[in-house]
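One structure below.
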Amino acid sequence: MRRFLRGFRYAWAGIVAAVRTERNFRFHLCAAAYVLWFSQYYTFTSVEYALLALCIGGVMALELVNSAVERAVDKPDVAHWRAAGSAKDMAAGAVLVFSAAAVVVGLCLFGDWNVLCRIMKLYTGNLPAAAALLLSAVLAVLFIRGRKPKDI
């Protein structure tokens with residue numbers, strides 16, 4: 001049982017390491033936060049929220065895998081440099097494919113023009129709401145940019 005629980009600690013450490021060192025992971029984290037923020041203006045069913053959770057979780061999971069592959073094959077010996085490059089490209093491609101599918105799901109779920117117009121009116125006609133959105137965007141950019149991590 002102790003070994004089983006230790007696995008969760010290692011998994012959490014991997015997520016924390018990705019947040020600290022991977023700009024793309026931080027970007028996807030912020031995108032997920034905005035998706036969840038704006039989902040409150042819709043009347044999604046539990047199945048639609050489950051679909052959002054699957055898309056968010058899938059993108060985040062693939063971003064972790066992509067980061068792991070990049071770390072694992074970084075600085076290969078001369079005989080393996082081409083294979084290492086291909087492995088990194090394929091892992092990045094997996095993130096791109098799943099992200100594109102998630103965008104399609106997002107367009108289907110968030111594409112109601114009546115709700116979009118109502119959201120626009122809310123944020124353009126309400127200074128505190130617009131200021132909160134702008135502040136969140138600035139904080140998101142600062143979080144995503146982060147600082148350059150030291151070699152790990």
Side-chain angles (χ1 to χ4, degrees), residues 5-75 84-152:
L5 293 175
R6 199 176 314 138
F8 284 104
R9 189 172 47 187
Y10 293 143
W12 181 250
I15 293 169
V16 169
V19 169
R20 286 184 178 156
T21 63
E22 298 297 325
R23 182 179 46 214
N24 288 344
F25 190 81
R26 291 191 300 270
F27 170 81
H28 289 299
L29 206 57
C30 288
Y34 281 109
V35 164
L36 294 174
W37 181 354
F38 286 107
S39 73
Q40 72 180 330
Y41 299 108
Y42 291 80
T43 54
F44 290 146
T45 66
S46 58
V47 171
E48 289 168 325
Y49 271 112
L51 190 56
L52 280 178
L54 280 172
C55 287
I56 290 168
V59 169
M60 302 301 283
L62 281 174
E63 192 60 55
L64 287 167
V65 169
N66 182 39
S67 297
V69 168
E70 286 179 356
R71 296 267 176 92
V73 300
D74 218 12
K75 299 177 186 166
S86 292
K88 290 168 75 169
D89 292 346
M90 288 179 210
V95 175
L96 180 62
V97 168
F98 199 93
S99 295
V103 166
V104 171
V105 169
L107 290 173
C108 291
L109 293 178
F110 289 93
D112 184 345
W113 284 106
N114 294 325
V115 177
L116 289 172
C117 289
R118 200 169 70 232
I119 293 170
M120 288 297 292
K121 284 181 185 175
L122 171 71
Y123 284 99
T124 56
N126 183 339
L127 188 58
L133 182 61
L134 180 62
L135 177 62
S136 77
V138 169
L139 292 174
V141 168
L142 293 174
F143 175 69
I144 292 167
R145 285 190 56 202
R147 54 188 152 82
K148 183 92 172 147
K150 297 177 183 175
D151 286 339
I152 295 176

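Computed from a predicted model, the values in this text were never measured in an experiment.
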Can you list the residues that meet the ring-ring contact (aromatic ring centres under 6.0 Å, His included) rule with F44, with sequence neighbours excluded?
-> Y42, Y49, F110
Residues passing the ring-ring contact (aromatic ring centres under 6.0 Å, His included) test with F25, sequence neighbours excluded, are none
For the residue pair K121 and R118, establish whether any side-chain heavy-atom pair is separated by less than 4.5 Å.
-> no
Is the count of non-hydrogen atoms from other residues, nucleotides or ligands lying under 6.0 Å from F27 atom CZ greater than 12?
-> no
Contacts of type salt bridge (charged side-chain N to carboxylate O under 4.0 Å, His left out), residue D112, not counting sequence neighbours = none
Please output the side-chain donor-acceptor pairs of residues 129-139 that fall under 3.5 Å, not counting sequence neighbours, one pair per line with the distance.
from, atom 1, to, atom 2, distance (Å)
S136, OG, Y34, OH, 2.8
S136, OG, L133, O, 2.7

The side chain to side chain donor-acceptor pair (under 3.5 Å) partners of S86 (sequence neighbours excluded) come to none
Only pairs under 3.5 Å count here: list side-chain donor-acceptor contacts from residues 52-67, not counting sequence neighbours, and write none if there are none.
from, atom 1, to, atom 2, distance (Å)
E63, OE1, H28, NE2, 3.4
N66, OD1, A92, N, 3.2
S67, OG, E22, OE1, 3.4
S67, OG, E63, O, 3.0

Which distance, rounded to the nearest 0.5 Å, do you find between the CZ of R26 and the CG of L142?
-> 11.5 Å
With rounding to the nearest 0.5 Å, note down the distance linking CD in E70 to CG in D89.
-> 9.5 Å
Please report the C-alpha distance between V19 and F143 in whole Å, then the side-chain angles of each, then the deciding distance to 0.1 Å, and finally whether the side-chain contact (heavy atoms from CB on, under 4.5 Å) criterion is met.
-> CA-CA 10 Å; V19 169; F143 175 69; 4.0 Å; yes
Between S39 and L36, what is the shortest heavy-atom contact and its length?
-> OG-O, 2.7 Å
